[in-house]
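Contents: one structure, followed by commentary.
The figures here come from the full heavy-atom set of this structure, side chains too, leaving out hydrogens, waters and symmetry mates. By convention in this document, chain letters (A, B, ...) are assigned in the order of the sequence lines, proteins followed by strands, and residues within each chain are numbered from 1.
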Protein chains: 4
Amino acid sequence: MARGLNKAMLIGHLGTDPEMRVTPSGQSVVNFTLATNESFKDSGGNLQERTEWHRIVAWGKLAEICNQYLKKGRQVYVEGRLQTRSWEDNKTGEKKYTTEIICSDMQMLGSGRDQGGQGYDNSTSYQQPASRKQSFGNNNPEESAPGSETEKDDLPF
Amino acid sequence: MARGLNKAMLIGHLGTDPEMRVTPSGQSVVNFTLATNESFKDSGGNLQERTEWHRIVAWGKLAEICNQYLKKGRQVYVEGRLQTRSWEDNKTGEKKYTTEIICSDMQMLGSGRDQGGQGYDNSTSYQQPASRKQSFGNNNPEESAPGSETEKDDLPF
Amino acid sequence: MARGLNKAMLIGHLGTDPEMRVTPSGQSVVNFTLATNESFKDSGGNLQERTEWHRIVAWGKLAEICNQYLKKGRQVYVEGRLQTRSWEDNKTGEKKYTTEIICSDMQMLGSGRDQGGQGYDNSTSYQQPASRKQSFGNNNPEESAPGSETEKDDLPF
Amino acid sequence: MARGLNKAMLIGHLGTDPEMRVTPSGQSVVNFTLATNESFKDSGGNLQERTEWHRIVAWGKLAEICNQYLKKGRQVYVEGRLQTRSWEDNKTGEKKYTTEIICSDMQMLGSGRDQGGQGYDNSTSYQQPASRKQSFGNNNPEESAPGSETEKDDLPF
DNA sequence: TTTT
DNA sequence: TTTT
């Protein structure tokens, strides 16, 4: 359960193809960068553009889906939580920090035609289970009875 | 899975105590209203206040927690999806519509001392599982190994 | 200023062309509907689809931009606040309620090629000023010095 | 105007009193850190707690309000955009990166009684103007109109 | 009434 | 460095 809210919501384009790896314990992780663009006027009244780059991390099945369907240039919606991790620079021994968005929901936007798409279903989205967050039963039990196989399928399409 | 985003996020105070019922199939549902307040200046420059009322619905364990811990006046954060349902007015036979927020995440805010609180843990929050939404594995499998008992407990405190 | 949070965030497709009108006081208003789609498995394990329809309202320049660039079928991101207004049914005299999203930010998504697009810049977004909300100076004054003409232009493209 | 969405939403407690400074050009800036807490069960099924720390930056009037009313320990809602800036470490000459949330909306939560509060209006919130974002007129001019009946009903149900 |  |  969260005690406090920690949420990031982004719409942007992938700057790189997703990079997939598998942890020693056998879990899938994917990393990619996402650019969000913003225009503003500077103090001289000239229209300027700023691009902000975000580091996205996804785990498990969501990682696999990102790896399979996302490509550099693809427009996506990403929702997740902010996480800053520290690591030691091998060369200097210094402690460094990186802030990442741990993705819990991803949606492909647009038609995918000019996005390097090759026949995927571009309007599908994917959401992580809330199992880590101490769940409290079904959201709407009229739709999904106890014992249904809802979560046992691997892929929804 | 969502195809598209449908999200509401509210911070406000309960206008009523939660009302709990159990469906014929044995599922818990809770309803309450939430007031969000906004101030603005009218065209005369005078500060005006507007209160917007929202109808909140929660299912399952989240319903039970709302029922147990929330009281009229309590300040909460509510996240959910918008849903408009129609029903027939018994007296006139007319079709009517109500828009509700189907709650998937709730957090109690503040210290609870002057909120009618009687000893509850005011900083706990609760989130629905994403089981209805075709999940894809654990959010961060390093923390919650396959086969762990994460979701088998009833209450997180 | 808001006292409380009242926010809706949607990604969906327009179900209708925007309908524009001008109020007696000369203000532009636009209305359109937005569909958000969600798939889920029913208790029998079958994939079901649900479409939720939302009523979107935009005012002022944002209304004009919606009117000019949006078309039925267009995929957009919409952010706004929930507002329920009541009106009297002319035929029955009954009081009725409608919940709408008062749009404060809109973005066109995708490439626009197969969306009825006719040469507009599809990646532009538009955001309402916060003038009604008791503002407190510039967000980042290094970028927009006092006295700059930031808000005097009508159209950003 | 944004082209793409870049939004962070946080509810947490200040880890430090806000630190205010004034830029050479005379603009106010405030910095503080915000802790968001999350509980989860580890793979052994034990309840663990994680605290995530966020660096918040506010400009202009919003900076002044944060400086005046916020204190270490205060619970707040913060909304803003993610921004990563780089700087050179004086000692090592290395390039380093920091991700901050440029605050555009802030709300004090709770009653403020045990939060070091000294008579401020604890339920006030503050929102930046959207002047940098190329605004398009009034959000809802019907509300600013003298004598409109829009807001006179109390309860919609 | 949208989209895939 | 916060909070419960």
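Side-chain to base pairing of C:Asn37 with E:dT2: one donor and one acceptor N or O lie within less than 3.5 Å of each other.
Stacking of the aromatic ring of D:Trp53 onto the base of F:dT2 is not found under the criterion of centres within 5.5 Å and planes under 30°.
Looking at D:Met108 and D:Tyr69, their side chains come closer than 4.5 Å, going by heavy atoms from C-beta outward.
Proximity of a side-chain donor or acceptor of B:Gln75 to a complementary backbone N or O of D:Gly110 within less than 3.5 Å is detected.
As a whole-Å value, the separation of B:Tyr97 OH from E:dT1 P is 13 Å. Distance D:Lys71 NZ to F:dT1 C1': 16 Å, rounded to the nearest Å. Between D:Leu109 atom CG and F:dT2 atom C1' there is a gap of 14 Å when expressed in whole angstrom units. Put simply, NZ on C:Lys72 is 7 Å from P on E:dT3, counting in whole angstrom units. Atom CZ of C:Phe32 and atom P of E:dT2 are 16 Å apart (whole Å). Between the CZ atom of D:Arg55 and the P atom of F:dT1 there is a distance of 15 Å, rounded to whole Å. Rounded to whole angstrom, the span from the NE2 atom of D:His13 across to the P atom of F:dT2 amounts to 11 Å. Rounding to whole angstrom units, CG of residue C:Leu34 and C1' of E:dT2 are separated by 8 Å.
Contacts of C:Thr36 with the nucleic acid, taken as non-hydrogen atoms under 4.0 Å apart, are absent.
Qualifying side chain to side chain contact (heavy atoms under 4.5 Å, CB included) partners for A:Glu88, counting only residues two or more places apart in sequence or in other chains: none.
Closest to the side chain of D:Glu49, out of E:dT2, F:dT3, E:dT1, is F:dT3.
Here C:Glu52 does not pair with B:Arg81 in a salt bridge; the nearest charged N to carboxylate O distance is not below 4.0 Å.
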